Structures are given as structure tokens and as C-alpha cells.
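Structure first, commentary second.
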Amino acid sequence: QVQLVESGGGLVQAGGSLRLSCVVSGGTSSSYVMGWFRQAPGKEREFVADISRSGGRTYYADSVKGRFTISRDNAKNTVYLQMNSLKLEDTAVYYCAANSGWSTIRTTNDVGYWGQGTQVTVSS
């Protein structure tokens, strides 16, 4: 059974940076398209970014484009989300997501596996 474990969340001031990590266990990360979603209080879970199996293709939500970077190291079975120029509205629980197919992960319906989430809080 594939498990995804996120880390790296925390409290940061607006304009700061954080890097989230997601370790894949029980499977080989190169077998999965990976992505990140987030959910703010009172809101639906929303797509942030995804990355192809090889890492050659990435895609971002407009709200984070130019500030966030998704990457992966398949040798370490790990996916990353580098978040720069953080804004108050980036405050949310961030979830790692995986899909064993070859297509993209752009909606919650595309996701086969979820991590437990890590809290990111951006303060003024």
C-alpha cells in the first residue's frame, strides 16, 4: 500500500519561503504522477501543482505560478514544493497526492493516494 508522508510545514511571515517534502513509501515514486493540493479553512481542497513521472513536465495553478516550484527526486522517492514570496492567502493545509496512471492530477477526482497533510501558516 502506497503511503505519502509530508513534512516541512510551519509558520512563516509574508514574503518568506518554505519547502515542503513528500516521501513515497510502499511503492516507487517514479511510478506515480505526483501533485500538491491545499485546503484553507471553510474552503474546498484545491489544486496547486503537479509533476509528471520523470519530472519533465510541471503545471501550476494561476494563484501560485511564478512563486511555487514543484520538483521530484525519484532516487529518494521524494517530491518537493518550494514556496517563495508567500502570501497570507497561501495559509492552508497542504496535501501531497499521487496517481498511478500517466495522466495529470488537476482535480481531487484524479487522485489515487493522499498524504495526511501539513499546515502552512503565513502571518503578516
Side-chain angles (χ1 to χ4, degrees):
Q1 179 71 13
V2 173
Q3 290 188 322
L4 310 177
V5 179
E6 304 98 332
S7 62
L11 176 65
V12 64
Q13 286 191 324
S17 299
L18 280 176
R19 188 176 81 157
L20 305 183
S21 299
C22 171
V23 177
V24 179
S25 62
T28 303
S29 67
S30 60
S31 298
Y32 301 91
V33 175
M34 303 293 298
W36 290 93
F37 286 71
R38 67 186 181 185
Q39 188 166 18
K43 295 188 177 181
E44 293 186 351
R45 195 170 297 189
E46 64 175 7
F47 169 78
V48 174
D50 74 348
I51 187 167
S52 61
R53 292 186 176 196
S54 67
R57 176 200 58 76
T58 58
Y59 186 80
Y60 300 91
D62 288 343
S63 58
V64 306
K65 199 174 296 181
R67 300 188 297 120
F68 290 12
T69 302
I70 188 171
S71 62
R72 66 192 300 162
D73 184 342
N74 286 336
K76 295 183 178 179
N77 279 343
T78 303
V79 177
Y80 305 98
L81 185 68
Q82 177 67 44
M83 305 185 294
N84 298 330
S85 302
L86 283 161
K87 303 177 181 180
L88 296 178
E89 52 264 42
D90 294 320
T91 295
V93 177
Y94 283 71
Y95 295 90
C96 182
N99 180 2
S100 59
W102 288 92
S103 60
T104 58
I105 301 178
R106 304 284 164 81
T107 74
T108 56
N109 290 334
D110 299 329
V111 178
Y113 305 95
W114 291 102
Q116 84 286 353
T118 185
Q119 176 71 46
V120 172
T121 303
V122 183
S123 65
S124 59

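In what follows, every heavy atom counts, from backbone to side chain, and hydrogens, waters and symmetry copies are set aside. Bear in mind the structure is a predicted one, so any value in this text is a computation, not a measurement.
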Check: [Y] main-chain N/O paired with [X] side-chain donor or acceptor under 3.5 Å:
X: Thr28; Y: Ser30; answer: no
X: Glu6; Y: Cys22; answer: no
X: Arg53; Y: Ser100; answer: yes
X: Arg67; Y: Ser85; answer: yes
X: Ser54; Y: Gly56; answer: yes
X: Tyr60; Y: Ile70; answer: yes

Could you state whether [X] and [Y] fall into the same hydrophobic cluster, counting links through intermediate Ile, Leu, Val, Met, Phe, Trp or Tyr residues with side-chain heavy atoms under 4.5 angstrom apart?
X: Leu88; Y: Leu20; result: yes
X: Val79; Y: Val120; result: yes
X: Val12; Y: Val64; result: yes
X: Met34; Y: Val23; result: no

Handout entry: Salt bridge present between Asp90 and Lys87 (N-O < 4.0 angstrom)
Key = no
Practice task
Taking salt bridge (charged side-chain N to carboxylate O under 4.0 Å, His left out) as the test, write out the residues that go with Lys43, two or more places apart.
Solution key: none
Quick check: do [X] and [Y] have side-chain heavy atoms less than 4.5 Å from each other?
X: Ser123; Y: Leu11; result: yes
X: Thr91; Y: Gln119; result: yes
X: Arg38; Y: Glu46; result: yes
X: Arg57; Y: Asp50; result: yes

Point-to-point distance, once rounded to the nearest 0.5 Å, from [atom1] of [X] to [atom2] of [Y]:
X: Thr69; Y: Asn84; atom1: OG1; atom2: CG; value: 6.5 Å
X: Thr58; Y: Lys65; atom1: OG1; atom2: NZ; value: 10.0 Å
X: Arg72; Y: Ser21; atom1: CZ; atom2: OG; value: 13.5 Å

Fill in the blank from the handout: All heavy atoms of Ile51 vs all of Val33, minimum pair found to be O-CG1, 3.4 Å
Fill in the blank from the handout: Of all heavy-atom pairs linking Ala40 and Ala92, the shortest is N-CB, 3.8 Å
Handout entry: Residue pairs passing the ring pair (Phe, Tyr, Trp, His ring centres under 6.0 Å) test where at least one lies in residues 62-104, sequence neighbours excluded
Key = none
Handout entry: Pairs involving residues 17-40, ordered by first then second residue, that meet ring pair (Phe, Tyr, Trp, His ring centres under 6.0 Å) (sequence neighbours left out)
Key = Tyr32-Tyr113, Phe37-Phe47, Phe37-Trp114
Practice task
Return yes when atom CD of Glu44 has more than 12 non-hydrogen atoms of other residues, nucleotides or ligands closer than 6.0 Å, and no otherwise.
Solution key: no
